[in-house]
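A quick write-up on the structure given underneath.
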Amino acid sequence: VAAWFLQNGLMLNASKTEACIFGTSQRLKTVVNLKPDLKCLGEPIKFVDSVRILGVTLDSSLSMNKHVSDTVSNCNYYVRALRHIRKSLTHDAAVSIACSLVNTRLDYCNSLLHSTSANNLLRLQRVQNNLARVVLNLHRRESVKHHIYALHWLPVNERIEYKLACVTYKALYSGQPQYLSDCLVKHTPARILRSNSQYMLNTPFCSLKAAISAFTFAAPKIWNLLSDLTKSADSIEMFKSRLKTELFRRL
């Protein structure tokens with residue numbers, strides 16, 4: 001790794017280098033005392049339970065619990081700040097600030113949260129609910145389900161599906177990025193069936209629960225649930241519009 005960094009004109013800070021072992025909870029218990037002694041440029045590498053890469057916190061079991069906790073904490077900070085100044089803002093200004101400071105954090109790399117635990121989704125949804133209450137000057141205990149629809153905000157789980165579907169559309173029709181496009185295989189039944197014209201993708205078999213959030217498995221699952229009208233959109237803008245309409249109709 002150090003040689004690759006040097007060959008590509010990059011500097012590697014060995015003192016800040018960390019290592020993390022990923023696996024199921026059962027497997028991690030078996031290696032707790034078997035961690036190897038690793039060194040980088042003479043510096044010992046410390047083993048940690050989670051690592052932060054490009055703003056995403058990956059814990060050793062890939063449960064995304066730590067990432068969700070960090071996201072909730074960051075979002076709540078801005079929700080409280082917005083609550084303090086809400087009376088001085090117009091409705092449009094409050095919506096704009098809410099979307100730029102909080103919803104963007106809820107959406108950042110949210111495709112990684114596909115098939116995460118229901119508790120994690122509930123924690124993120126509570127943040128969005130509290131944000132809607134602040135924007136609309138509602139009581140803290142007032143239901144916001146219909147108010148969120150009025151703001152035209154998709155709930156957290158549907159936002160995850162929206163992101164995955166958009167990435168799938170781009171990879172399928174433009175072939176970019178290639179490493180994602182290569183994961184998508186069009187469904188080809190053995191006989192000529194009506195499903196030939198339904199833009200279906202082949203769903204590979206997955207035997208590991210921890211792997212079902214991978215793009216290879218998650219993308220076909222989300223894509224095949226969409227209507228033919230949405231999947232046959234001629235442009236990404238048209239696809240996004242139809243997709244958002246379809247997801248709202250499911251609620």
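For this chain, numbers begin at 1 and follow the sequence in order.
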Distance-only, no hydrogens or angles: does the [X] side chain make a donor-acceptor pair with backbone N or O of [Y] under 3.5 Å?
X	Y	result
Thr30	Arg27	yes
Ser181	Gln176	no
Asp228	Tyr199	no
Arg159	Leu154	yes
Ser69	Asn65	yes

Under 6.0 Å from the CG atom of Asp49, do we count more than 12 heavy atoms belonging to anything else shown?
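Not more than 12 within 6.0 Å, no.
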Residue pairs passing the side-chain hydrogen bond (donor to acceptor under 3.5 Å, both in side chains) test where at least one lies in residues 128-141, sequence neighbours excluded
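Counting only pairs at least two positions apart or across chains, the side-chain hydrogen bond (donor to acceptor under 3.5 Å, both in side chains) contacts touching residues 128-141 are Gln125-Gln128, Gln125-Asn129, Asn130-Arg133.
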Less than 4.5 Å apart, any side-chain heavy atom of [X] and any of [Y]?
X	Y	value
Thr216	Pro204	yes
Phe239	Leu226	yes
Leu247	Leu243	yes
Met64	Leu58	yes
Glu158	Leu251	yes

Should Ile45 and Met11 be counted in the same cluster of Ile, Leu, Val, Met, Phe, Trp and Tyr side chains packed under 4.5 Å apart?
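Result: no, two separate clusters.
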Any pair with a residue in residues 58-116 that passes ring-ring contact (aromatic ring centres under 6.0 Å, His included), sequence neighbours left out, goes on the list, sorted by first then second residue, please.
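Listed once each, the pairs would be none.
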With sequence neighbours left out, write down each residue that passes side-chain hydrogen bond (donor to acceptor under 3.5 Å, both in side chains) with Tyr169, or none if nothing qualifies.
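In terms of side-chain hydrogen bond (donor to acceptor under 3.5 Å, both in side chains), with neighbours along the sequence ignored, Tyr169 is linked to no residue.
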